[in-house]
Structures are given as C-alpha cells and as structure tokens.
Amino acid sequence: MNGTPRIVVLPGDGIGPEIVAATREVLDALGEFAYDERLMGGCSIDAHGTALTDEVLDACRGADAVLLGAVGGPKWDTTDPNAPRPEQGLLGLRKGMGLYANLRPVRPSPALVGSSPLREERIAGTDLLVVRELTGGIYFGDSGRDGDVAHDTCEYSVGEIDRIARTAFDAARRRAGGSGRKPKVTSVDKANVLETSRLWREVVGRVAGDYADVELEHLLVDNAAMQLVSRPADFDVVLSENLFGDILSDEAAMLTGSLGMLPSASLGAEGAPGLFEPVHGSAPDIAGQGVANPLATFLSAAMMLRHGFGRGEDAARIETAVDAVLEQGLRTADLASGDEDQVGTAEMTAAVLAELDG
Ligand code: IPM
Ligand code: MG
C-alpha cells in the first residue's frame with residue numbers, strides 16, 4: 001500500500017462512537033491514517049431513512065479498510081418486514097464489499113482466565129479461530145411472507161464453499177507456522193439433515209485433498225456446540241457456514257469471559273478492502289456513560305493493521321499493550337469480577353496508550 005492508509009470509519013450506534021473514538025487515538029499513536037467518518041446503521045436510518053446509503057457503500061469500496069463500531073438498538077427494533085433495520089446496513093456492506101470470510105480469533109488473555117465461565121483447567125490452552133462464511137446461506141437466500149407463512153432459504157454453491165474452505169485451511173497452516181504442531185480444521189455442518197450441509201461436507205473434503213499437512217475433522221453443529229464448552233483447547237480452526245458461525249462464534253467468544261474482548265475481520269478478494277469490527281453489539285444500555293470496554297475494537301484495529309495493511313508488528317504492539325493493561329488489573333465493568341477497581345473507556349484507553357508509549 002502506498003501513502004497514508006485511508007480508513008472509512010463507521011462508528012454506528014450505541015457505544016460504537018465511544019469505542020471507535022478511543023480506537024482512533026490508539027491508531028494515531030502508531031502512525032498516520034486518513035479517516036473518513038460516515039453514518040451506517042440506526043444513525044443512518046434517522047438521517048437518510050436507510051441503514052446504508054449507496055454513497056457510504058461506495059466510500060467503503062474505495063477505501064483501504066473499513067473500521068466499524070457497532071450497529072442497532074431498541075429504537076430501531078421492529079418486526080415490521082417493511083421497516084428499515086440497522087443490521088441491513090451491515091449485511092449490505094458484507095454483500096456489497098464481497099466480504100465472504102469472517103475471522104474471529106478466540107484467545108483468552110492470560111489475565112482473564114479467571115473470568116471464563118469454565119473452570120481454569122478446562123479453558124487453559126484455548127486458542128482457536130472461527131472462520132465463518134459471511135455472504136451466503138440463509139442470511140441471503142430468498143425470504144418472504146405469504147399470509148400466515150414465512151420462509152428463509154439456505155443456499156450454497158460449490159464455489160462459495162470452496163473459497164471459504166481454502167481460507168480456513170490456509171489460516172490453519174499459517175497459525176501452526178513452524179511450530180511443528182499439526183494444524184487442524186474442524187468443519188461444522190448439519191449433514192445428517194440438510195442438503196446444503198452435505199454439499200458443504202463434500203466440498204470441504206475435496207479441498208482438504210490439497211492440504212495433506214492439515215488434519216480435517218467434521219462435526220455436526222449441535223455436537224460442535226457441546227464440544228466447544230467441554231474441550232475448547234482441542235480446537236484450532238473452526239470452519240462453518242453463515243448462521244452456524246454466527247451462533248458458535250458468540251459461544252466461543254464467551255469462553256474468554258467477555259464478549260467485550262473479541263475482534264473480527266471480514267475479508268473479501270485479495271487486495272480488496274476488509275472490514276474490521278468487534279464481535280460484540282452496540283450495548284445501548286450503557287451507551288454514552290463512558291464505561292464501554294474498547295479493547296475488542298483496539299484488537300480489531302490490530303487485525304486491520306495485520307490483514308489490511310500488512311503491518312503485523314504494529315498489530316502485535318496493540319495486542320501486547322492490551323495484555324499488559326489486563327495484567328496490571330485494569331477492568332472495565334464487563335470484565336470486573338468483584339473486588340477489582342473498575343475503569344471507564346477513557347482510563348482504559350489512556351493505559352493502552354501509555355503501554356504503546358513505553
Ligand atoms: C454478527 C452479528 C450480525 C450477524 C447481526 C448484527 C446481523 O450478530 O456479526 O455476528 O448475525 O451476522
Ligand atoms: Mg452474531
């Protein structure tokens with residue numbers, strides 16, 4: 001990439017603007033970036049009647065990367081099929097930018113193992129990556145209502161499965177690096193019931209033939225949900241279709257003790273801009289109070305530096321700083337388990353900036 005990286009910033013709704021502003025401070029400590037801040041989500045519905053305008057989609061397509069806070073809130077919750085919804089903005093971006101690969105790494109910070117709902121000996125050693133297909137399946141199939149009946153259709157093509165499977169196998173290889181550990185992909189489906197899942201299993205099996213060095217296991221989604229809590233440390237890369245990946249990634253995220261810690265990257269074709277956002281939502285109940293946990297957005301910015309800009313060293317600096325402030329005992333309200341002092345967004349950000357400075 002030549003010149004100053006151009007980042008379209010979509011703060012969104014709820015706590016989105018607070019955590020994104022904090023993240024810009026962190027990025028500014030690492031170099032020069034050109035920001036183009038735009039409306040997307042509920043705020044865009046209020047301003048323009050739609051969650052994502054064509055103009056904003058074009059700006060995102062033309063950027064080097066997109067950094068997103070969170071979208072949604074009770075103000076826009078509705079079951080009226082004709083009313084605009086904030087989430088449509090996010091889905092429109094994923095589809096419109098061709099972001100078919102969603103990477104959600106789950107690595108409990110050593111200082112937070114005590115916050116996990118699982119016993120420490122069970123969570124110890126957990127370090128997994130959910131690779132979720134993001135532009136297909138039931139999220140984007142034909143849907144509608146006819147009188148008393150509603151339907152959503154799940155469809156997958158060989159091409160869609162093939163490319164996301166390759167993303168997963170490549171990621172597994174990369175994660176193993178030169179460690180000597182055998183990389184593993186766990187492919188999740190519901191092949192005992194769904195035709196799309198049988199195609200999924202067939203295609204993933206075929207792709208595995210090109211990756212003889214990577215172990216492949218298939219799990220049915222209900223079983224996978226159970227195994228994730230009973231033996232989380234045995235997973236390496238978890239590969240799944242869109243809806244299963246949505247559900248399993250929240251479950252996997254909670255293994256770390258807080259959804260407030262998990263970053264994500266959504267990537268498309270080689271060289272195209274990616275979208276980086278925390279896995280958590282807009283937390284409207286605590287918006288505007290200055291207490292939101294900005295760490296997942298910091299870590300999403302780290303993923304942007306690594307995957308979007310090829311700046312792995314800067315990414316690692318953010319990750320190390322986040323680990324360090326947690327090690328110092330700093331906890332936002334969502335992470336605090338009792339007697340620790342709670343800090344707000346500003347103090348947490350200042351502590352990370354101090355680490356980056358030091
Ligand atoms: C996610 C979210 C979204 C999804 C919603 C907000 C549409 O839950 O990114 O996991 O279902 O994909
Ligand atoms: Mg989700």
Side-chain angles (χ1 to χ4, degrees), residues 1 3-17 19-21 23-24 33-73 75-102 132-145 152-153 155 157 159-160 163-164 242 246 264-278 281-282 284 297 300-301 303-304 307-309:
M1 185 178 312
T4 309
R6 290 164 305 123
I7 305 171
V8 167
V9 178
L10 307 171
D13 310 313
I15 59 170
I19 55 180
V20 162
T23 305
R24 282 179 57 164
F33 301 92
Y35 304 104
D36 177 6
E37 221 168 280
R38 304 284 185 137
L39 297 181
M40 197 279 286
C43 55
S44 173
I45 293 178
D46 289 349
H48 305 294
T50 173
L52 174 67
T53 62
D54 291 342
E55 201 188 327
V56 170
L57 176 57
D58 282 345
C60 291
R61 283 188 178 131
D64 293 317
V66 178
L67 180 68
L68 169 68
V71 296
K75 182 174 176 195
W76 305 281
D77 275 348
T78 171
T79 53
D80 174 357
N82 300 312
R85 278 174 290 106
E87 293 77 9
Q88 287 166 338
L90 187 55
L91 299 180
L93 269 180
R94 289 174 180 170
K95 198 68 171 180
M97 296 176 69
L99 305 172
Y100 65 85
N102 185 218
R132 170 189 175 194
E133 201 289 326
L134 206 58
T135 51
I138 200 164
Y139 273 58
F140 293 98
D142 178 59
S143 68
R145 287 204 200 184
D152 297 281
T153 316
E155 224 177 89
S157 68
E160 285 174 313
R163 66 182 178 180
I164 191 69
N242 204 344
D246 177 46
S264 82
S266 303
L267 307 173
E270 188 81 39
L275 180 145
F276 303 86
E277 58 169 323
S282 62
T297 319
S300 300
M303 292 189 86
M304 176 174 76
H307 296 281
F309 306 152

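Computed from a prediction, not measured in an experiment: that's the story for all the values here. Along the sequence shown, residues carry numbers from 1. Hydrogens, waters and symmetry mates play no part in the numbers below; they use all other heavy atoms, side chains included.
A distance of 10.0 Å separates CH2 in W76 from CD in E87, rounded to the nearest 0.5 Å. Between atom CD1 of residue I138 and atom CD of residue E155 there is a gap of 11.5 Å, rounded to the nearest 0.5 Å. The line from OG1 of T50 to CE of M40 is 10.5 Å long, rounded to the nearest 0.5 Å. Taking CG from D36 and CG from L10, the interatomic distance works out to 9.0 Å, rounded to the nearest 0.5 Å.
Residues P86 and A51 come closest through the heavy atom pair O-CB, 3.7 Å. Across all non-hydrogen atoms, the minimal contact from G268 to L99 is N-CD2, 3.8 Å. Listed here is the closest heavy atom pair of T23 and A301: CG2-CB, 3.6 Å. Summarising the geometry of G73 relative to S282, their closest heavy-atom pair is N-OG, 4.2 Å, with the distance given to 0.1 Å. Nearest heavy-atom pair, A265 versus M303, reported as atom, atom and distance to 0.1 Å: CB-CE, 3.7 Å.
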Start with the C-alpha gap between L57 and M97, add the side-chain angles, then the distance that decides, and say whether side chain to side chain contact (heavy atoms under 4.5 Å, CB included) holds.
CA-CA 8 Å; L57 176 57; M97 296 176 69; 4.1 Å; yes

Could you walk me through whether K75 and D46 pass salt bridge (Lys or Arg N to Asp or Glu O under 4.0 Å), step by step?
CA-CA 10 Å; K75 182 174 176 195; D46 289 349; 2.6 Å; yes

Run L275 and R94 through side chain to side chain contact (heavy atoms under 4.5 Å, CB included) and show every step you take.
CA-CA 8 Å; L275 180 145; R94 289 174 180 170; 5.9 Å; no

Which is it for M304 and F309 under the side chain to side chain contact (heavy atoms under 4.5 Å, CB included) test, yes or no, and what are the steps along the way?
CA-CA 7 Å; M304 176 174 76; F309 306 152; 3.9 Å; yes

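At least one side-chain heavy atom of N242 sits under 4.5 Å from a side-chain heavy atom of L134. No side-chain heavy atom of F276 sits under 4.5 Å from any side-chain heavy atom of I7. For the pair C60 and L52, the minimum side-chain heavy-atom distance is 4.5 Å or more. P278 has its side chain within reach of T297: a pair of non-hydrogen atoms, C-beta onward, lies under 4.5 Å apart. Taking 4.5 Å as the limit, some side-chain heavy atom of R38 sits within range of a side-chain heavy atom of E55. Looking only at side-chain heavy atoms (C-beta outward), Y100 and E133 come within less than 4.5 Å of each other. The side-chain heavy atoms of V56 and S44, taken from C-beta on, include no pair separated by under 4.5 Å.
With N102 contributing its side chain and L267 its backbone, the two residues share no donor-acceptor pair below 3.5 Å. Remark: side-chain polar atoms of T135 are not paired, donor with acceptor, to backbone N or O of K95 under 3.5 angstrom. A side-chain donor-acceptor contact under 3.5 Å links R61 to the backbone of G96. Judged purely by atom type and a 3.5 angstrom limit, D152 has no side-chain atom pairing as donor or acceptor with the backbone of Y139.
Counted within 6.0 Å of CG on D80, heavy atoms from surrounding residues, nucleotides or ligands total more than 12; the atom is thus considered enclosed. For E37, the CD atom sits in a packed shell: over 12 heavy atoms of surrounding residues, nucleotides or ligands are nearer than 6.0 Å.
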